[in-house]
Amino acid sequence: METKRAERIKIMGTGMYVPEKILTNKDLEKMVDTSDEWITTRSGIKERHITAPDETTADMAIMAGQRAIKDAGLAVKDVDMVLVATSTPDTIFPSTATWVQKGLKADHAPAFDLSAGCTGFLYGMIVAEGLILTGTVRRILLIGTECLSKVTNWKDRNTCVLFGDGAAAAVLEKSEDESGMLSSYWKADGNLGELLILPGGGVRHPASHQTVDEGLHYLQMKGNEVFKHAVKRMGEAALMALKKAGIKKEGIDYLIPHQANIRIIQATGRRLKLPEEKVFSNIHKYGNMSVATIPIGLHELKEEGKLKKGSDIVMVAFGAGFTWAAIVYKW
């Protein structure tokens with residue numbers, strides 16, 4: 001008797017967008033007490049892209065979304081839902097996804113945001129899998145987009161050197177062959193939320209002269225604590241997802257880890273005993289773009305022709321919440 005193939009979703013097209021303006025480590029030397037050497041050795045970052053004053057999270061998402069739809073050989077009318085993963089929404093409400101929907105002229109499609117920190121794109125893929133495989137929608141435009149420059153304290157040398165802006169998108173639908181999402185693993189621990197937080201602007205700390213004076217509308221991070229948890233949880237998530245997929249570590253063609261810090265990237269690669277050439281890194285060009293790092297990494301690998309039919313990829317991330325997740329994907 002023929003074994004029924006497991007249903008899965010696949011990526012039909014990808015697209016990315018980063019702002020034109022580039023801020024280098026040399027530029028930062030003129031802004032805060034830091035140096036190119038200090039930034040590079042501790043983070044691996046050389047430069048990052050920064051939005052123009054009038055450019056928003058939604059603007060970047062629209063550009064990335066349009067490119068992904070075109071890459072999939074589709075039109076906007078072929079997309080049944082717009083799902084935006086972000087921690088830096090244009091407005092608390094309406095959702096950024098509805099601004100994106102407006103920009104795409106996709107008013108036939110439901111649209112909503114998903115907030116899971118840097119893990120948001122992977123959380124989004126897991127949510128999309130459920131919606132597509134149950135037949136709720138046929139095709140989803142998933143966008144990871146982040147405008148961190150506008151919530152960064154440019155006087156805090158410990159955080160301002162780390163972050164950049166960008167967006168990337170993927171068109172997802174049910175797979176008709178062996179390719180697609182093989183397994184996933186996701187978790188969260190809200191007990192650790194204070195370690196990476198943007199305290200102001202919500203109802204806990206509504207905007208006031210006091211909250212602005214205290215800098216509560218800038219992201220705050222206890223870097224050493226975040227590092228420790230990220231290394232542990234990203235390794236755990238990748239191993240659990242591989243186990244669920246029935247794939248050994250040695251079978252991985254590429255690991256695409258969240259691009260937070262070169263030391264976290266390298267530590268995750270070591271945890272999986274992978275050679276350096278199998279661990280994707282573009283942090284030197286973009287810095288930490290939060291939710292946009294993994295889809296941009298995936299897009300760049302594809303555009304460089306490195307993803308072959310049947311390649312097994314592991315995508316893994318850790319972010320504010322804390323949240324963490326991993327996906328095993330067959331190209």
Side-chain angles (χ1 to χ4, degrees), residues 14-28 31-32 34 39 43-68 84-92 95-97 99-100 103-104 113-121 124 142-170 196-198 201 217-221 256-262 265 281-300 317 319-320:
T14 63
M16 66 170 278
Y17 172 83
V18 290
E20 190 177 329
K21 182 183 176 183
I22 293 174
L23 187 72
T24 67
N25 291 350
K26 291 292 184 186
D27 294 327
L28 281 163
M31 296 165 60
V32 288
T34 192
I39 299 168
S43 70
I45 301 165
K46 299 296 285 185
E47 58 188 37
R48 66 289 290 146
H49 291 251
I50 304 295
T51 49
D54 60 347
E55 193 172 25
T56 72
T57 299
D59 293 334
M60 294 189 293
I62 291 162
M63 294 295 292
Q66 288 171 335
R67 291 169 182 178
V84 171
T86 188
S87 296
T88 51
D90 278 35
T91 47
I92 293 178
S95 69
T96 299
W99 296 124
V100 174
L104 292 173
D113 285 0
L114 186 154
S115 175
C118 305
T119 317
F121 191 82
L142 172 62
I143 308 172
T145 179
E146 216 75 273
C147 189
L148 291 162
S149 65
K150 290 183 169 63
V151 296
T152 294
N153 182 351
W154 291 99
K155 295 178 181 176
D156 177 7
R157 68 173 189 157
N158 292 315
T159 57
C160 76
V161 302
L162 300 174
F163 300 104
D165 301 332
L196 178 51
I197 187 170
L198 200 163
H217 301 273
Y218 296 130
L219 64 86
Q220 299 175 4
M221 180 173 68
I256 307 177
H258 169 49
Q259 306 288 301
N261 178 302
I262 192 64
I265 294 166
S281 177
N282 61 5
I283 193 167
H284 58 289
K285 294 192 293 183
Y286 303 121
N288 181 351
M289 296 178 291
S290 183
V291 72
T293 68
I294 285 180
I296 282 181
L298 189 69
H299 177 79
E300 289 195 330

Any side-chain heavy atom of [X] sitting closer than 4.5 Å to one from [Y]?
| X | Y | answer |
| --- | --- | --- |
| Met16 | Pro295 | no |
| Cys160 | Leu162 | no |
| Ser281 | Gln259 | yes |
| Thr51 | Lys21 | no |

To the closest 0.5 Å, what do you measure between [atom1] ([X]) and [atom2] ([Y])?
| X | Y | atom1 | atom2 | answer |
| --- | --- | --- | --- | --- |
| Leu148 | Tyr218 | CG | OH | 14.0 Å |
| Met63 | Glu55 | CE | CD | 8.5 Å |
| Thr34 | Ile39 | OG1 | CD1 | 4.0 Å |
| Asn282 | Thr293 | CG | OG1 | 7.5 Å |
| Asn261 | Asn288 | CG | CG | 9.0 Å |
| Ile62 | Asp59 | CD1 | CG | 5.5 Å |

- [ ] State which residues pass ring-ring contact (aromatic ring centres under 6.0 Å, His included) with Tyr17; sequence neighbours excluded, sorted by chain then number.
- [x] none
Is there a donor-acceptor contact under 3.5 Å from the side chain of [X] to the main chain of [Y]?
| X | Y | result |
| --- | --- | --- |
| His284 | Lys46 | no |
| Glu146 | Ser87 | yes |
| Glu47 | Ile45 | no |
| Trp154 | Val32 | no |
| Thr145 | Thr57 | yes |
| Arg48 | Met289 | no |
| Thr119 | Gly319 | yes |
| Asp165 | Ile50 | no |

Minimum heavy-atom distance [X]-[Y], with the two atoms named:
| X | Y | result |
| --- | --- | --- |
| Ala169 | Ile143 | CB-CG1, 3.7 Å |
| Phe121 | Ala170 | CZ-CB, 4.0 Å |
| Ala292 | Gly144 | CB-O, 3.7 Å |
| Asn153 | Thr159 | O-OG1, 4.3 Å |
| Ile294 | Ala317 | CD1-CB, 3.6 Å |
| His258 | Ser290 | CE1-O, 3.5 Å |

- [ ] Quickly, which of Asp113, Thr91, Asp90 forms a side-chain hydrogen bond (donor to acceptor under 3.5 Å, both in side chains) with Trp99? Name it, please.
- [x] Thr91
Open item on the list: Can you list everything that forms a side chain to side chain donor-acceptor pair (under 3.5 Å) with Ser43? Sequence neighbours excluded, please.
Closed with: none
Open item on the list: Can you tell whether the side chains of Lys285 and Glu300 come within less than 4.0 Å, N to carboxylate O?
Closed with: yes
Task: Donor + acceptor pair across side chains of Thr88, Lys150 (<3.5 Å) - done: no
